[in-house]
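Have a look at the structure below, then the notes.
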2 protein chains.
Amino acid sequence: MSTQQLDYYAAQDKIYIATDCIIFGFDNHSIKLLVFKRRVAPFEGEWSLIGSFVKNNESVNDAAKRVLTDITGLQNVFMKQLKVYGEVDRDPGARCITVGQYALIRIEDQDIELVEKHGAVWHDLDEMPNLVLDHNQLVSDALVQLRLKASYQPIGFELLPEKFTIPSLQRLYESIYQKKFDDRNFRKKIIALDVLTKLDEKDKSTSKKGAFLYKFNRKKYDKLVEKGINFKL
Amino acid sequence: MSTQQLDYYAAQDKIYIATDCIIFGFDNHSIKLLVFKRRVAPFEGEWSLIGSFVKNNESVNDAAKRVLTDITGLQNVFMKQLKVYGEVDRDPGARCITVGQYALIRIEDQDIELVEKHGAVWHDLDEMPNLVLDHNQLVSDALVQLRLKASYQPIGFELLPEKFTIPSLQRLYESIYQKKFDDRNFRKKIIALDVLTKLDEKDKSTSKKGAFLYKFNRKKYDKLVEKGINFKL
DNA sequence: TATAATAAATGTATTATATACATTTATAAA
DNA sequence: TTTATAAATGTATATAATACATTTATTATA
């Protein structure tokens, strides 16, 4: 680096940069969020999103992936930047900004032992504990973002197991939007998207008749996401 | 801070944090972007977005506002975070992440002297020069975001002068989406939004007949934005 | 083995929205 | 007075959204 460049870059004091993950899952009944109870200071014993400082040799996005893998054992998970939280006094311990990133995971795929080892717990949205710092705000922003996103991408699929029924898909959307949909119209609209493959199997865990299982067609799905559909419910 | 806390925060090396503004304007014909030619190292003589390191006593968002005001003289401008660019090697000079933020301004309101003093120049999208670092990427991401945003918010109003004609509003949208719209349907849809107030004045600069000027009704507009319309064109 | 109970699956008519498309109008300049 | 030009307007058609009730497949029970 030239002297001029050194001057240029030296102009800033140290600001810490972290990333925090808002991890959404769905257990066939409701949308849930993974948070953990801190075991060390600062904020020992308090509930917090799962995050980390960004290391020097990793990108901001990679830092979030590392955190997610450390906690859940999962890789190649849907994750997207939400927003940077950069208020001067958001962290009383130091000047620290954080990049909120929300992830959608298939709960069933998680490594339960890992999750428990870290003291992480899934909470329903309506029984979230109070979180440290501005983490409540991150959660609330992520939820808005999730709803918005779900309205122009069939994002819900990221949260379901490989095989799923239409009623469970409907419960997922009802849980995201916190309202009921007409089952006939819901089914019609989902099938009209033409990204589902009906299987010969049924899931009989919730009814005597049983509900047909579906997979989604990744190719058609990716094409749909790419061209940016308008998926209003 | 306790010793334990000091340890906690000390775990990270220095990472620089900057913010770069993607500034959109509209001159009644086409969408334009404000970029400047750097006068000092690094990248002296090259085109760049306008940005700054985040100072210790300002939030990330305030840093972007400061940059925008310094360059254009404008305050209270529409600005929104786009994304964090956090790749390890995005800046060869140092480990430096940047927060891209896009702004929509009314070109006519700018302080031209200030703009020129900084060597900033408005460029049409189709004649953008090559930019330093990953700034081309920031521009391209911002444009995608602008189009997406325009599809569920009547965001275009931020770019127009207080009084404007429907044909000029149409040119704005045509410039954003890079395609033509049917003038009868466009007018119908815009008026159906019920956020415009027709004035008794005409703008005769582009035709002998003249086009009626409109204002927008900020109250109705805000209500509309809040409830999140679906404004597809 | 017949019956009851239950969630899953299906269809249609109505309304609202989106699209395609051609003519008239107001005005300034010639 | 005529000409030229962008602005303004309406309607019919197609597509998508909504509202709404009955039948079906199956297990458990009588």
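Quick note: numbers below take in every heavy atom, side chains included, and nothing from hydrogens, waters or symmetry partners. Chain A is the first sequence line, chain B the second, and so forth, proteins listed ahead of strands; every chain is numbered from 1.
- End-to-end axis angle of the helix from C:dT1-D:dA30 to C:dA30-D:dT1, using five pairs per end and rounding to 10°, comes to 10°.
- When the P atom of D:dT5 is taken as reference, atom NZ of B:Lys204 falls 18 Å away, rounded to whole Å.
- One interatomic measurement links the two molecules: CG of A:Leu233 to P of D:dA16, which rounds to 16 Å at whole-angstrom precision.
- B:Asp182 is linked by a side-chain hydrogen bond (donor to acceptor under 3.5 Å, both in side chains) to B:Arg184, counting only residues two or more places apart in sequence or in another chain.
- Between the P atom of D:dA19 and the CZ atom of A:Phe181 lies a distance of 12 Å, rounded to the nearest Å.
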Would you be so kind as to tabulate the donor-acceptor pairs closer than 3.5 Å made by side chains of residues 189-198 of chain B, with sequence neighbours excluded?
from: B:Lys189; atom 1: NZ; to: B:Lys232; atom 2: O; distance (Å): 2.8
from: B:Asp194; atom 1: OD1; to: B:Lys220; atom 2: NZ; distance (Å): 3.4

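- Distance, A:Lys189 NZ to D:dA19 P: 10 Å, rounded to whole Å.
- For A:Phe157 and A:Tyr221, the distance between ring centers is under 6.0 angstrom.
- By the side-chain hydrogen bond (donor to acceptor under 3.5 Å, both in side chains) test, B:Arg66 is found to be paired with B:Ser52, B:Glu58, residues two or more places apart in sequence or in another chain being considered.
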Donor-acceptor pairs are to be reported for all side-chain atoms of residues 120-128 of chain A against protein atoms at under 3.5 Å, with residues two or more places apart or in another chain.
from: A:Trp122; atom 1: NE1; to: A:Gln110; atom 2: OE1; distance (Å): 2.8
from: A:Asp124; atom 1: OD1; to: A:Ser30; atom 2: OG; distance (Å): 3.3
from: A:Asp124; atom 1: OD1; to: A:Lys32; atom 2: NZ; distance (Å): 2.5
from: A:Asp124; atom 1: OD2; to: A:Ser30; atom 2: OG; distance (Å): 2.8

Per-nucleotide protein contact string for nucleotides 5-15 of chain C (B base, S sugar-phosphate only, - none; heavy atom under 4.0 Å): B-BBSBBB---

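- Residues that satisfy the side-chain hydrogen bond (donor to acceptor under 3.5 Å, both in side chains) test with A:Asp183, not counting sequence neighbours, are absent from this structure.
- Residue A:Lys180 contributes atom NZ, which lies 18 Å from atom P of D:dT18 at whole-angstrom precision.
- Considering only residues two or more places apart in sequence or on other chains, A:Glu87 meets the side-chain hydrogen bond (donor to acceptor under 3.5 Å, both in side chains) condition with none of them.
- Residues satisfying the side-chain contact (heavy atoms from CB on, under 4.5 Å) test with B:Asp141, not counting sequence neighbours, are B:Leu82, B:Lys83, B:Tyr85, B:Gln137.
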